[in-house]
Amino acid sequence: MRALIKSEGRWITAAAALSLAVLLLGVVGLGRNPALVLRLMVSRVLLSPYGLGQTLYKTTTLIFTGLACALAFRCGLFNIGAEGQVYAGGFLMTAVGLALPGLPAVLLIPLLLVVSALGGGLWALLPGYLKAKRGAHEVITTMMMNFIALALTNYLVMARFHVPETIHTQELPAAASLPLAGAFARTFQGSAVNASLLVALALAAAVWYFLWRTPLGFELRAVGANPEAARSSGVPVESRLFLILVASGALAGLAGVNFILGYKHYFEQGFAAEEGFLGIAVALVAKNHPVGVVFAALLFALLSQAGLALNTVIPRELFEILQSAVIFIVVICQNRLGEKA
Amino acid sequence: MNFALQVLHVSGPYVLAALAGTFSELGGVINIALEGILLDGALAAVLAAYWTGSPWLGVLAGVAAGILTAALHAFACLRYEVDQVVSGLAVNFLAAGLCRFLLELVFGSSSNSLRVETVGSWGPLDPFLVLLLLLVLAAHWAVYKTSFGLRLRSVGEHPQAAATLGVPVLRMRLWGVLLSGALAGLGGAWMSLSQHQFTDGMSGGRGYIALAAVIIGGWTPLGAAAAALFFGAAEAAQIVLQTYGLRVPTQFVQMLPFALTLAAVGGLLGRRLPPAADGIPYSEEQD
């Protein structure tokens, strides 16, 4: 543990210091008081129950997409299709939920969780097949599937499913709702954080267990570390690559649960708004470790919530710029200062 | 305006971005940052045209902004060996945020700029179309008929061998990426100036479609340009059909480039191979 803290501590400290410097530079450049901005970041995001609730809500989605990307990265694959997989999973879940109005919650919610994972996995099926059988690069194929998912779900919503004058579907039956955290803890009332966070955390633990404690997980990591070595020790590399992409897609597919079952209860065009892409950033910062994913997701969620909460003082675009700066800073610090993942 | 001209107008930014992607990838650097370069080029063009009143200075500014954005990508990928896909995505994020930030700062709006003039026509000729034709031909010539092109392709194909022959690998890759930035920056300038304004997110996935065109075009300038022209034609056709009341759902036209690319990489459109060292970092120290 101490060795881990020491080896990871260096790049994390450097990256945090540089990121803070970029933020302060931007704040001073805009002629604002940096002390005020930092104080507001603490009081409006970390210490405000609403701000913290919203941050945790955003964290939830990013844990799903971050886990999806981290799992693929860990095994040597670059799934940049999380965005599309979120839409595929979310849409399929909504369609199934709307078709089954009578089911009780105990059946409906587990079913919809499975269906959303299926939808995401389905969307990674073709990239997985093309990777395994044709050697087609998954960056290209998953990216193309993103745009197809966005266009196709937009079409289906507008042509078949939308409530007139809106860009979203009908609401799912009430039995399909996951409880808001505000229902249990008064502090979170009014914010969107919901039971999906527990699903996300359980999934992070499951991914960790799978990768580090099961034989198949060991095989997959071996494929990621050195495919040729894995092949010569008898691992069927191609079929494992296929499996990884589909599993990664399934994890991403579950991300829609947070918005659809936990918050709005309908599918809306473009609801994932780049959270699939941010999943890549989350996985990178986390060095593809499931536990790291939880914290990295929290970091990006904090930055994006800070942007909203401080918009009256500084334009929230500054925080968008900061998010991308963090990606560069972290990757460079990891390359220069960290142990190899 | 007749249909052929309309196709050319719609296709212009696609074709330029596709040429841009081809140069970068021929040198061995994947350029997913095209989307961000288009966006930065588009905003810089409008800002310069707005401040100086000269659309031509706008075009220059667009090209310059494209080069600068590409330089960031090159700096991260070549100097620090950041993964090229990661760097490209981060550049796109940065560009989207930066453009909204500047839009807010300069025009006090998060959605669009004020109106600017576009470049005047040269008699019956549209300067953008003339430039486009010249650039497509020049790109083909540069890649296949000059020593620059040969060296660029050599560092994308087999950098170790090229280095043995004395080709400065990283410098050639840098040129490939910067040239890519200039072309896509011009594409961005065309996009915004021809609309007389910058609107948030106006690149609308064109950078990614251009990448698709690079693949379908088999990593050749003429092939990429032809594929980009085809995608532009599909978009123009859809606009025309709509004015005649024939409604092809927009979404299916939007899907077309991506579905075709899947078919292409799946081997349905014949075998196309990327440059052998495409996307693989090269460090000068290695033997």
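Just so it is clear: chains get the letters A, B, ... in the order the sequence lines come, proteins before strands, and each one is counted from 1. Everything quoted here is computed from the prediction, not taken from an experiment. When reading the values below, keep in mind they use all heavy atoms of this one structure, side chains included, and skip hydrogens, waters and symmetry mates.
We find the CD1-CD distance between I148(A) and Q251(B) to be 13.5 Å, quoted to the nearest 0.5 Å. R316(A) contributes atom CZ, which lies 6.5 Å from atom OG of S110(B) (distance to the nearest 0.5 angstrom). The distance from the CE atom of M255(B) to the CZ atom of F147(A) is 13.0 Å, given to the nearest 0.5 Å. Taking OH from Y208(B) and CE from M143(A), the interatomic distance works out to 6.0 Å, rounded to the nearest 0.5 Å. To the nearest 0.5 Å, atom CD1 of residue I332(A) and atom CZ of residue R79(B) are 9.5 Å apart.
S324(A) and A90(B) get closest at one heavy-atom pair: CB-O, 3.5 Å. In terms of heavy atoms, E317(A) sits closest to G97(B) at CB-O, 3.7 Å.
For chain A, the nearby part of I32(B) is the side chain; its heavy atoms alone come within less than 4.5 Å. With a 4.5 angstrom heavy-atom cutoff, L152(A) touches chain B via backbone and side-chain atoms both. In this structure, chain A has no heavy atom under 4.5 Å from any part of L256(B). Looking at R336(A), the atoms closer than 4.5 Å to chain B (heavy atoms on both sides) all sit in the side chain, from C-beta outward. In this structure, chain A has heavy atoms under 4.5 Å from both the backbone and the side chain of L262(B). Of the atoms belonging to I327(A), it is side-chain heavy atoms, and not backbone ones, that fall under 4.5 Å from chain B. With a 4.5 angstrom heavy-atom cutoff, I209(B) does not touch chain A via any of its atoms. Contact annotation for L105(B): only side-chain heavy atoms (C-beta onward) come within less than 4.5 Å of a heavy atom of chain A.
When L30(A), L126(A), L150(A) are compared by the number of non-hydrogen pairs under 4.5 Å with chain B, L30(A) comes out ahead. Among N146(A), L284(A), L322(A), the residue with the largest count of heavy-atom pairs under 4.5 Å with chain B is L284(A). Ranking I280(A), L278(A), L318(A) against chain B, the residue ahead of the rest is L278(A), based on heavy-atom pairs under 4.5 Å. Counting heavy-atom pairs closer than 4.5 Å to chain A, the top residue among V91(B), V85(B), L98(B) is V85(B). Of the listed residues (V326(A), L130(A), I321(A)), the one with the most heavy-atom contacts under 4.5 Å to chain B is I321(A).
Taking the side chain as every heavy atom from C-beta outward, F93(B) and E274(A) approach each other to under 4.5 Å. You'll find the side chain of D83(B) reaches within 4.5 Å of the side chain of F78(A), heavy atoms only.
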Audit row: M145(A), F258(B), side-chain contact (heavy atoms from CB on, under 4.5 Å) steps and yes/no: CA-CA 7 Å; M145(A) 294 299 283; F258(B) 307 114; over 6 Å; no
Using side-chain contact (heavy atoms from CB on, under 4.5 Å), reason through F328(A) and V86(B) one step at a time and then give a plain yes or no. CA-CA 9 Å; F328(A) 280 118; V86(B) 170; over 6 Å; no
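Side-chain atoms of R134(A) come within 3.5 Å of backbone atoms of G266(B) as a donor-acceptor pair (strictly under, hydrogens ignored). A side-chain donor-acceptor contact under 3.5 Å links N335(A) to the backbone of Y80(B).
F252(B) and Y155(A) have perpendicular rings, their planes meeting at more than 60° on a 0 to 90° scale where under 30° would count as parallel.
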